[in-house]
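Beneath this line is the structure, given in structure tokens, with notes to follow.
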Amino acid sequence: MNAPMRRYLDHAATTPLDPRVWQAMQPYFEAEFGNPSSVHGYGQRAEAAVEHARGRLAAALGCQPEELLFTSGGTESDNLALRGAALAARRQRGANRLLVSPVEHPAVARTAEQLASEFGFELTLLPVDEYGQVHPHDVARLLTPDTALVSVILANNEVGTINSIAEIAAICRERCVPLHSDAVQAPAYLPLNVDDLGIDLLSLGAHKLYGPKGTGVLYVRAGTPLRATQTGGSHESGLRAGTHNVPYIVGMAEAFEIAQAEISQSINRLIDWRDNIITTILEQIPDSRLTGHPTNRLANHASFVFKGVDGNALLMLLDDAGFACSSGSACKTGDPQPSEVLLAMGITPEWAEGSLRITLGKHSSADDVDALLAALPALVERARKLERIHR
Ligand SMILES: *Cc1c(COP(=O)(O)O)cnc(C)c1O
């Protein structure tokens with residue numbers, strides 16, 4: 001029997017490295033291996049590469065280079081934003097409350113919980129609607145003078161929904177409370193200008209946009225109080241110690257510039273396929289529902305729940321048939337709990353357990369979409385039969 005063709009439909013989990021990015025990174029693994037903190041020529045050339053990357057990222061985001069901190073990825077950027085801004089706000093103005101959406105990536109959600117359980121912050125969760133959207137009027141209603149920080153995800157990793165960050169930012173600005181947004185899923189599909197967004201802290205990572213894993217950036221608007229959480233040398237203005245990962249930083253700048261430059265091309269290629277996936281699945285698979293907003297969602301992102309299905313069993317059946325998909329969050333593999341994000345949107349556990357996320361990318365083809373749509377109805381039916389046997 002021939003092995004089925006392998007089709008990667010999980011670009012929200014990670015993306016392959018763009019060859020242009022790899023090319024930009026290579027010299028810094030080889031001849032230009034210096035430590036940017038060293039005084040000699042090796043160090044100077046490595047430092048110049050880091051600062052050039054910072055300048056390119058700043059130009060793309062519309063900020064000053066000094067407002068960017070390099071980190072080890074989206075998770076660290078989220079941790080530094082929340083912990084660093086919460087501790088600074090407490091120190092500066094005695095603020096003790098965190099206002100966070102219930103549909104955050106675990107990098108934000110677990111950090112906020114730890115700030116509550118270990119550091120004594122009061123955590124207030126914002127409501128979301130059935131699409132996973134935060135409404136600005138709820139932010140206005142729940143924001144108090146003792147709020148240290150508000151955090152609302154820009155584009156949701158599990159359900160693709162895009163939040164109205166600029167409107168939320170205007171409210172936070174008026175009340176002088178900093179707003180953080182996790183934008184890790186956004187750069188390949190949404191233009192990101194920090195002033196248009198009105199944001200104070202923005203988390204980015206490279207590996208969701210055809211860059212390398214293990215590198216990220218945190219934008220911190222000038223004047224936003226932040227405490228260091230990783231201490232050591234004086235790297236990154238003393239706010240994030242550790243020798244710079246030079247090749248990865250160079251790769252991230254290259255990947256981010258390409259992603260932002262190719263947004264309309266990416267959207268034009270993918271959006272009709274996305275909508276075809278959504279319409280066909282809802283039509284052909286009984287007891288299926290779209291999760292997330294029908295239109296205000298990432299152009300590459302289609303996500304569903306199927307009643308009476310074990311999401312992980314469906315993923316295995318899909319994998320055997322050659323399709324690499326996800327149940328929503330790559331961080332939950334092996335964890336049978338239904339997604340907190342789906343529950344927060346009011347989806348019952350019975351439905352939420354059968355979640356499926358299909359995320360297209362640069363190398364996806366019409367053939368990938370057709371093959372998936374041809375195979376999926378029967379695979380969902382098989383997963384339902386398995387589920388009935390197991391009960
Ligand atoms: C992937 C992801 C993260 C974590 O980023 P890493 O670079 O993998 O640590 C954080 N937030 C969102 C929304 C993500 O999709």
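Not measured: the values here are computed from a predicted model.
In terms of hydrophobic clustering, with Ile, Leu, Val, Met, Phe, Trp and Tyr side chains grouped at heavy-atom distances under 4.5 Å, I153 and L98 are assigned to different clusters. Transitive grouping of hydrophobic side chains (ILVMFWY, heavy atoms separated by less than 4.5 Å) brings L209 and L270 into a common cluster. In the hydrophobic clustering of ILVMFWY residues, with side-chain heavy atoms under 4.5 Å counting as a link, V177 and F121 come out apart. L204 and L239 fall into different hydrophobic clusters, where Ile, Leu, Val, Met, Phe, Trp and Tyr side chains are chained together by heavy-atom contacts under 4.5 Å. L314 and L372 fall within a single hydrophobic cluster, where Ile, Leu, Val, Met, Phe, Trp and Tyr are joined by side-chain heavy atoms under 4.5 Å apart, directly or via other members.
Remark: the backbone N or O of V39 is paired with a side-chain donor or acceptor of Q44 at under 3.5 angstrom. T147 contributes no side-chain N or O that, together with a main-chain N or O of L149, makes up a donor-acceptor pair within less than 3.5 Å. When atom types are taken as modelled, the side chain of S38 and the backbone of H40 share no donor-acceptor pair closer than 3.5 angstrom. Side chain of D200 to main chain of R221: no donor-acceptor pair is present (N/O by atom type, distance under 3.5 Å, no hydrogens or angles).
Residues S288 and V305 fail the side-chain proximity criterion, which asks for heavy atoms closer than 4.5 Å. Contact check for E113 versus L123: side-chain heavy atoms found under the 4.5 Å cut-off. Between D10 and C325, every side-chain heavy-atom pair lies at or beyond the 4.5 Å cut-off. Using a 4.5 Å heavy-atom threshold, the side chains of R240 and S77 count as separate. In this structure, the side chains of R289 and W351 come closer than 4.5 Å at one or more pairs of heavy atoms. Taking 4.5 Å as the limit, some side-chain heavy atom of L376 sits within range of a side-chain heavy atom of L318. Under the 4.5 Å side-chain criterion, counting only non-hydrogen atoms from C-beta, T124 is not in contact with V100.
H11 and Y210 have tilted rings, their planes meeting at an angle from 30° to 60° on a 0 to 90° scale. Ring planes of W22 and F29: tilted class, angle from 30 to 60°.
A donor-acceptor pair shorter than 3.5 Å cannot be found between the side chains of E158 and H105. Counted by atom type alone, E262 and S266 present zero donor-acceptor pairs between their side chains at under 3.5 Å. For T144 and D146, the side-chain atoms include at least one donor-acceptor pair closer than 3.5 Å. In this structure, a donor-acceptor pair under 3.5 Å is absent between the side chains of R274 and N300. Side-chain N/O atoms of H180 and S203 include a donor and acceptor closer than 3.5 Å. A donor and an acceptor atom, one from each side chain of T280 and N276, are located under 3.5 Å apart. Using modelled atom types, one finds a donor on one side chain and an acceptor on the other under 3.5 Å when comparing K213 with T14.
Other residues, nucleotides and ligands contribute at most 12 non-hydrogen atoms within 6.0 Å of the NE2 atom of H52. Annotation: R382, atom CZ; neighbour count of heavy atoms from other residues, nucleotides and ligands within 6.0 Å does not exceed 12. Within 6.0 Å of CG in N296 there are more than 12 heavy atoms belonging to other residues, nucleotides or ligands.
Partners of H301 under the side chain to side chain donor-acceptor pair (under 3.5 Å) rule, at least two apart in sequence or in another chain, are R297.
When all heavy atoms of L125 and S101 are compared, the pair lying nearest together is CD2-O, 4.1 Å. The shortest heavy-atom contact between E104 and V341 is O-CG2, 4.3 Å. Nearest heavy atom pair, residue N163 against residue V152, reads ND2-CG1, 3.6 Å. Nearest approach of L82 to S151, heavy atoms of both residues: CD1-OG, 3.9 Å. For the pair G211 and A255, the tightest heavy-atom approach, listed with the atom from each and the gap, is CA-CB, 3.7 Å. The shortest non-hydrogen separation linking A89 to A148 is CB-CB, 3.6 Å.
The line from OH of Y8 to CG of D368 is 12.5 Å long, rounded to the nearest 0.5 Å. Atom OG1 of T215 and atom CG of N245 lie 6.0 Å apart (nearest 0.5 Å). For the atom pair CD of Q230 and CD of E236, the computed distance is 11.0 Å after rounding to the nearest 0.5 Å. Remark: L356 CG to S303 OG distance equals 8.5 Å, nearest 0.5 Å. Rounding to the nearest 0.5 Å places CD1 of I249 at 9.0 Å from CD of E51. Note that the CZ atom of F70 and the CG atom of L57 stand 5.5 Å from one another [nearest 0.5 Å].
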_Please determine whether side-chain contact (heavy atoms from CB on, under 4.5 Å) holds for the pair V21 and E254, giving the CA-CA distance in whole Å, both sets of side-chain angles, and the decisive distance to 0.1 Å._
CA-CA 6 Å; V21 173; E254 182 78 17; 4.0 Å; yes

_salt bridge (Lys or Arg N to Asp or Glu O under 4.0 Å) evaluation trace for E340 with R110_ = CA-CA 12 Å; E340 289 167 34; R110 297 293 88 79; 3.1 Å; yes

*asked:* Working note: F306 + I281, criterion side-chain contact (heavy atoms from CB on, under 4.5 Å); need CA distance, chi angles, decisive distance, verdict.
replied: CA-CA 10 Å; F306 304 110; I281 287 181; 3.9 Å; yes

*Chi angles and distances behind the side-chain contact (heavy atoms from CB on, under 4.5 Å) call for M25, Y248*: CA-CA 7 Å; M25 292 169 70; Y248 283 54; 3.9 Å; yes

*CA sep, side-chain torsions, deciding dist, call: D182, L202, side-chain contact (heavy atoms from CB on, under 4.5 Å)*: CA-CA 6 Å; D182 176 337; L202 192 77; over 6 Å; no

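In summary, the aromatic rings of Y42 and F33 are positioned with their centroids under 6.0 Å apart.
For the pair E66 and R54, the salt-bridge criterion is not met [side-chain N within less than 4.0 Å of a carboxylate O].
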